[in-house]
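Numbered from 1 within each chain, the chains take letters A, B, ... in sequence-line order.
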Amino acid sequence: MLDIKIVREDPEKVKRALKDRNLEFDLSHILDIDDGRRALIKKVEDLRAEKNRLAKEVPIAQKEGKDIGELVAESKEVGEHLKHLDGLLKEHEEELAEKIAEIPNIPADGVPVGESEEDNVEIRTWGKQPDFEFEPKGHWDIGTDLGILDFERGAKVTGARFTVTVGAGARLERALMNYMLDMHTGEHGYKEVFPPILVNEDSLFATGQLPKLREDMYAVTDDLFLIPTAEVPVTNLHRNEIIPAGDMPIKYVAYSPCFRREAGSYGRETRGLIRQHQFNKVEMVRFVEPDNSPTAHEELTAQAEAVLQGLGLAYRVVELCTADLSFAAAKCYDLEVWMPGMGGYVEISSCSNFSDFQARRSNVRFKGGDGKTRYPHTLNGSGLAIGRTVAAVLENYQRQDGSVSIPPALVEYMGNSTIIAAQG
RNA sequence: GGAGAGGUGGCAGAGUGGUUGAAUGCGGCGGUCUCGAAAACCGUUGUGCGGGUAUUCCCCGUACCGAGGGUUCGAAUCCCUCCCUCUCCGCCA
């Protein structure tokens, strides 16, 4: 959520941001509501002051044995007027809150302006794409042939885009989860949390999924939703809190399953593990002081990259342009892993700086060293999406005989196996 | 799911209609004292919004005692709905 003061004081900046995102938005309407709202606040508070004054006079007059009839009558009159204006004010405030919640975050300075994902900018690449002396297979074929990915039974048990991992496949999923969590807790200083995977609407509003992306999520009974990412529960851990000075910065890492309806995406990347309705992910979330967020963002991105490097997977880092930036993000790097079987790069991590956008929506503040209360900046990044990592390992480490060698870093997590052979 | 109790400032804990943003204690911050520290004593102690010839320290108004409504001239105090916590029972991985 943007600060209404910024919209009021620097509407040109907001207009530019919206234009860069290729959005049409009527700011003048918002400013009109805000003007009306502030005028009403003044009137309402003056009336309230008057009413408070009268109410205080009543017991005094009573003590002095005076007639309070006139005071009461006057107070009643003020009360009527107040009630009317208060109702109007409430309407203004609700409309303003609704409108301002629909404005996306302002892109950070330096974010490339673009019209579509075509305009994203490659920042760097890492690693060497493996050479094969044979035609590399897609991970769906590798996994199916080895008996470690079962797409058909996943579809039977639940439906399309649900997959069962079996034997060494299931173990690989678990190994990756532990490998990533161990790295981020052990080497990068994150505190591990294991959050609820059902969240309420307030939490989804705070991180920016609601109101816009309702259709992309699974709603269950009791007004709860399955989380699309651990970002939601973890970022909401401190909703409506003031973080004490000594507790900043905060670094959380969480494993969670993620659920996405992927409404409207049918037909795109449907094969294999790339676009599932349920997948596992390890997510890093940070709360930092505003000045530190650009540095923290680079650091967080490097920490996600460290996982790919540890696994020996070639990848590239792409900075999203204004058109591709998500609603709440001010700046975002995508990590795209090389998939030899698919013959292309696939997004495996998204590392974003949300500036104070989510903090405002969730009303998280922190006490600075100077004793002032301010909004922190929030950041998060996948470290990594596990399903896609399984796919990447299978494709990059496949061998001519159909088996898959296990990346050295994962051997200890795979019961010291070095190879995945066909399952019995 | 049933029965009961309860949600007050960082914490503990008063406060059942009247000048209460809220006693008291602890904690925190500042100071006095001390070579220094402790103790003692004194002072101070939240958040949001609006306004102000205040714009890195201020002043005025207003709101906030789980949330939202209601009664009243006036509500932390009374009424209603919801949420949460605790105890006991039931059920249960």
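The distance between atom CG of A/Leu54 and atom P of B/rG18, rounded to the nearest whole Å, is 19 Å. In this structure, A/Glu201 places its CD atom 15 Å from P of B/rC83, rounding to the nearest Å. In this structure, A/Ile60 atom CD1 and B/rG74 atom P are separated by 16 Å, rounded to whole Å. Going from atom NE2 of A/His92 over to atom P of B/rG50 covers 14 Å, rounded to whole Å. Spacing between atom CZ of A/Arg365 and atom P of B/rU47 amounts to 8 Å, rounded to whole angstrom units. Straight-line distance from the CG atom of A/Leu47 to the C1' atom of B/rA63: 15 Å, rounded to whole Å. Atom-to-atom, CD of A/Glu45 to P of B/rG48 comes out at 15 Å; the value is rounded to the nearest Å. When rounded to the nearest whole Å, the span between NZ of A/Lys83 and P of B/rU72 equals 8 Å.
Across every strand in view, B/rC35 sits unpaired, with no contact that passes the Watson-Crick or G-U test at under 3.5 angstrom. The partner of B/rU81, taking Watson-Crick or G-U wobble pairs whose two distances both stay under 3.5 Å, is B/rA67. Pairing of B/rC86, defined by two Watson-Crick or G-U wobble distances under 3.5 Å, is identified with B/rG4. Pair assignment for B/rU55: none, as no Watson-Crick or G-U wobble contacts are both less than 3.5 Å. With a cut-off of 3.5 Å on both Watson-Crick or G-U wobble distances, the partner of B/rG25 is given as B/rC11. Summarising the base pairing, B/rC49 is matched to B/rG61 through a Watson-Crick or G-U wobble pair whose two defining distances lie under 3.5 Å. With a cut-off of 3.5 Å on both Watson-Crick or G-U wobble distances, the partner of B/rG18 is given as B/rC73.
When the P atom is compared between B/rG17 and B/rU32, the two are found 46 Å apart, to the nearest whole Å. Between B/rG25 and B/rG43, the two P atoms lie 11 Å apart (nearest whole Å). If you take atom P in B/rG70 and the same atom in B/rG2, they sit 29 Å apart, rounded to whole Å. Taking atom C1' on both nucleotides, B/rC82 is separated from B/rG13 by 27 Å, rounded to a whole Å. Distance noted for atom P between B/rC11 and B/rG74: 32 Å (whole Å). Using atom P as the reference point in both B/rU62 and B/rU20, the two lie 14 Å apart (nearest Å).
Using a cut-off of 4.0 Å between Lys/Arg side-chain N and Asp/Glu carboxylate O, A/Asp46 and A/Lys42 are scored as salt-bridged. The pair A/Asp34-A/Arg8 meets the salt-bridge criterion, with a side-chain N (NZ, NE, NH1 or NH2) lying under 4.0 Å from an Asp/Glu carboxylate O. Salt-bridge annotation for A/Lys90 and A/Glu93: absent, with no side-chain N of the basic residue lying under 4.0 Å from a carboxylate O of the acidic one.
Side-chain proximity of A/Val58 to the nucleotides B/rG50, B/rC73, B/rA63 is greatest for B/rC73.
Distances shorter than 4.0 Å separate none of the side-chain N or O atoms of A/Arg53 from OP1 or OP2 on B/rC73. In this structure, A/Arg8 reaches the B/rG50 phosphate: one of its side-chain N or O atoms is under 4.0 Å from OP1 or OP2. When the side-chain nitrogen and oxygen atoms of A/Lys42 are compared with OP1 and OP2 of B/rG50, none of them lie within a distance under 4.0 Å. For the OP1/OP2 pair of B/rC73 and a distance below 4.0 Å, the side-chain nitrogens and oxygens of A/Lys51 include no atom meeting the criterion. A sub-4.0 Å separation between OP1 or OP2 of B/rG69 and a side-chain N or O of A/Lys90 is present. OP1 or OP2 of B/rG51 lies within a sub-4.0 Å distance of a side-chain N or O belonging to A/Arg38. Distances shown here put every side-chain N or O of A/Asn52 at or beyond 4.0 Å from the OP1 or OP2 atom of B/rG18. For B/rG46, neither phosphate oxygen OP1 nor OP2 lies less than 4.0 angstrom from any side-chain nitrogen or oxygen of A/Lys367.
Listed for the A/His297 side chain is a donor-acceptor partner under 3.5 Å among the backbone atoms of A/Cys351.
Across all strands, A/Ile41 comes closer than 4.0 Å only to sugar-phosphate atoms, never to a base (heavy-atom distances).
For the pair A/Lys191 and A/Tyr252, the NZ or CZ position fails the cation-pi test of under 6.0 Å to the six-membered ring centre and within 45 degrees of the ring normal.
The local environment of CD in A/Glu77 is sparse, with at most 12 non-hydrogen atoms from other residues, nucleotides or ligands closer than 6.0 Å.
Between A/Arg124 and the options A/Glu319, A/Glu336, A/Glu305, a salt bridge (Lys or Arg N to Asp or Glu O under 4.0 Å) holds for only A/Glu305.
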